[in-house]
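Model, not experiment: these values are computed from the prediction. Index from 1, following the sequence.
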Amino acid sequence: MTTTHQTATDVDLDDLTAELDRAHVFHSWSAQGALTPFVVAGGQGCRVHDHAGRSYLDFASQLVNLNIGHQHPKVVAAIVEQAQTLATIAPATANLARGEAAKRTTALAPDGFNKVFFTNGGADANENAVRMARLHTGRDKVLSTYRSYHGNTGAAIVATGDWRRVPNEYSRGHAHFFGPYLYRSEFWATSPEQESERALQHLRRVVEAEGPGSIAAILLETVPGTAGVLMPPPGYLAGVRELATQHGIVLILDEVMAGFGRTGEWFAFDAYDVVPDLVTFAKGVNSGYVPVGGVIIGDHIAADFDERVFPGGLTYSGHPLAMASIVAALDAMQEEGIVENAATIGRDHLAPALAGLAEKHEIVGEVRGTGVFWAIELVADRSTREPVGPGVMGRIKSELLARNLLPFTADNRIHVVPPCIVTPDEVAEAVAAYDEVLGLPDLAGG
């Protein structure tokens with residue numbers, strides 16, 4: 001681990017970092033006054049450290065995007081080499097790094113996907129996928145679930161189902177429906193099969209009520225992430241695919257968080273034998289080393305724009321530094337078996353360890369997930385499933401940090417989302433911290 005050495009006469013770089021942040025940085029999704037951001041100076045593998053050298057095990061993967069881990073040498077080297085060759089170039093040009101990145105990305109997609117539109121991140125990937133769907137169908141409306149997050153641009157934030165859309169509803173033509181979530185079923189279901197059947201019937205009725213001929217797209221996270229790692233029950237995604245096909249609706253699967261190894265598959269939908277029309281991605285494709293996202297476009301939609309102008313573009317679409325990072329990241333993930341490692345860790349280590357926590361601690365209502373994509377849902381009462389409150393979650397977060405574990409918390413959940421390179425020993429270390437904190441006798445008073 002690289003640390004910054006200090007003497008008594010040096011400036012305390014952690015204090016300086018915090019001071020500069022408070023004075024000048026405006027943070028997302030936050031009231032600014034009470035913020036005390038966590039200082040990170042560097043990282044390696046599954047760990048980060050501050051300037052003083054204190055190390056933390058990163059079980060948040062930052063924003064669930066660091067699939068290949070911190071400072072992977074092949075990805076860093078590729079970015080440096082590309083910067084020395086050509087640091088930037090306009091998107092209208094042809095560039096070898098861009099072509100190689102697109103080739104590698106489409107090679108992982110199903111047959112019939114040969115083109116990629118590169119964006120700056122996941123939000124504008126969803127934004128442009130919606131645009132393509134509307135142009136392809138000649139329709140306007142987009143359906144998405146209430147428990148979802150699709151990004152913070154015009155259409156993407158309104159497609160988002162959670163509270164963040166409410167102060168941002170400026171985009172037209174959006175409607176929402178409830179997706180499956182058996183633990184808190186909207187449909188009084190008692191089994192995964194029943195939840196699937198009833199959720200699909202609900203969606204059919206929404207489509208009928210909204211008017212099938214008005215609907216351009218159904219936009220779904222294959223596995224909703226920020227909403228709680230909500231695993232699709234048997235037959236659900238296939239049923240959505242069938243419904244979309246029946247009515248000529250474009251199916252967009254948002255793989256921004258779930259893609260590129262997070263679920264132990266290259267794409268989360270690979271486990272469900274479902275082929276969408278458009279795939280949006282970002283995060284894990286290069287682990288966020290340089291901002292990038294994109295839309296993998298089904299050939300039948302890409303063909304619309306052979307003679308017709310696509311009315312969209314970005315100055316940094318296909319930025320060469322991002323493209324070089326994609327090439328290096330995907331090559332390294334294949335060569336080093338990183339996706340396979342995520343699957344093995346999930347099956348052999350996280351699944352049994354988290355099940356053990358659920359059995360041991362009354363505060364755990366449910367654990368669910370796959371690969372390195374898990375959620376521990378916490379409840380004040382198992383019988384009523386009442387969620388624990390913000391005070392308890394704040395206490396849990398601070399207690400985990402005190403044990404040198406960097407957690408990801410959302411609402412009443414701990415999301416267990418380490419990098420795909422995580423080892424069994426690191427899983428054991430994190431689970432020990434979860435176990436200790438969830439067992440604190442006065443936790444409910446947090």
Would you name the heavy atoms of [X] and [Y] that are closest together and state the gap between them?
X    : Y    : answer
A60  : F408 : CB-CB, 3.7 Å
S61  : P418 : OG-C, 2.9 Å
R368 : R413 : NH2-CD, 3.7 Å
D21  : P37  : OD1-CG, 3.2 Å
V39  : D50  : O-CB, 3.7 Å
V327 : A101 : CG2-N, 3.6 Å

Can you tell me if [atom1] on [X] sees more than 12 non-hydrogen neighbours from other groups inside 6.0 Å?
X    : atom1 : answer
E426 : CD    : yes
Y316 : OH    : no
K397 : NZ    : no
R347 : CZ    : yes
E242 : CD    : no
K74  : NZ    : yes

Is [X] reaching over with its side chain to a backbone N or O of [Y], donor-acceptor style, under 3.5 angstrom?
X    : Y    : result
R165 : Y146 : no
K283 : N67  : no
E377 : N412 : no
H49  : V40  : no
D140 : R134 : no
S196 : P192 : no
T222 : E255 : no
Y289 : H72  : yes
H136 : V250 : no
S148 : T160 : no

Minimum side-chain heavy-atom gap [X]-[Y] below 4.5 Å:
X    : Y    : answer
F59  : P407 : no
F267 : I296 : yes
E195 : Y183 : no
L350 : V372 : yes
V206 : L143 : yes
L220 : F269 : no
M132 : D304 : no
R131 : N128 : yes

[X] and [Y]: side-chain donor and acceptor closer than 3.5 Å?
X    : Y    : result
N126 : T280 : yes
S185 : R198 : no
R204 : Q201 : yes

Look up atom [atom1] in [X] and atom [atom2] in [Y], then write down how far apart they are to the nearest 0.5 Å.
X    : Y    : atom1 : atom2 : result
N404 : D58  : CG    : CG    : 12.5 Å
T153 : N120 : OG1   : CG    : 10.5 Å
H51  : L16  : NE2   : CG    : 8.0 Å
H70  : C46  : NE2   : SG    : 8.0 Å

Residues which pass side-chain contact (heavy atoms from CB on, under 4.5 Å) with T226, listed by chain and number, not counting sequence neighbours: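 Only Y149, R164, M257 meet the side-chain contact (heavy atoms from CB on, under 4.5 Å) criterion with T226.
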Sole candidate of V367, I376, V427 that passes side-chain contact (heavy atoms from CB on, under 4.5 Å) when paired with V416: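 Filter result, single survivor: I376.
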S287: which of N65, I421, L66 passes side-chain contact (heavy atoms from CB on, under 4.5 Å):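 Only one option passes, and that is L66.
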side-chain contact (heavy atoms from CB on, under 4.5 Å) between V116 and I297, intermediate numbers included: CA-CA 6 Å; V116 180; I297 310 165; over 6 Å; no
Pair R262-V417, side-chain contact (heavy atoms from CB on, under 4.5 Å): steps then yes or no: CA-CA 8 Å; R262 179 58 49 189; V417 284; 3.7 Å; yes
Table please: side-chain donor-acceptor pairs of residues 83-94 below 3.5 Å, with sequence neighbours left out.
| from | atom 1 | to | atom 2 | distance (Å) |
| --- | --- | --- | --- | --- |
| T85 | OG1 | E81 | O | 2.9 |
| T88 | OG1 | H319 | NE2 | 3.4 |
| T93 | OG1 | A90 | O | 2.7 |

Plane angle bin for F117 and F310 - parallel if under 30°, tilted between 30 and 60°, otherwise perpendicular: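 Aromatic pair F310/F117 classed perpendicular.
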Parallel, tilted or perpendicular: ring planes of F260 versus W266, cut at 30 and 60 degrees: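 Perpendicular.
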Test side-chain contact (heavy atoms from CB on, under 4.5 Å) applied to I249 and L243, step by step: CA-CA 8 Å; I249 297 168; L243 184 63; 5.8 Å; no
Salt bridge flag under 4.0 Å for residues D299 and K115: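 Salt bridge between D299 and K115, a charged N being under 4.0 Å from a carboxylate O: no.
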Intermediate values then yes/no, side-chain contact (heavy atoms from CB on, under 4.5 Å), V275 and R241: CA-CA 8 Å; V275 178; R241 172 71 276 180; 5.6 Å; no
Salt bridge (Lys or Arg N to Asp or Glu O under 4.0 Å) partners of residues 95-109, not counting sequence neighbours, each pair once: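 Salt bridge (Lys or Arg N to Asp or Glu O under 4.0 Å) check on residues 95-109 returns E100-R104, R104-D331.
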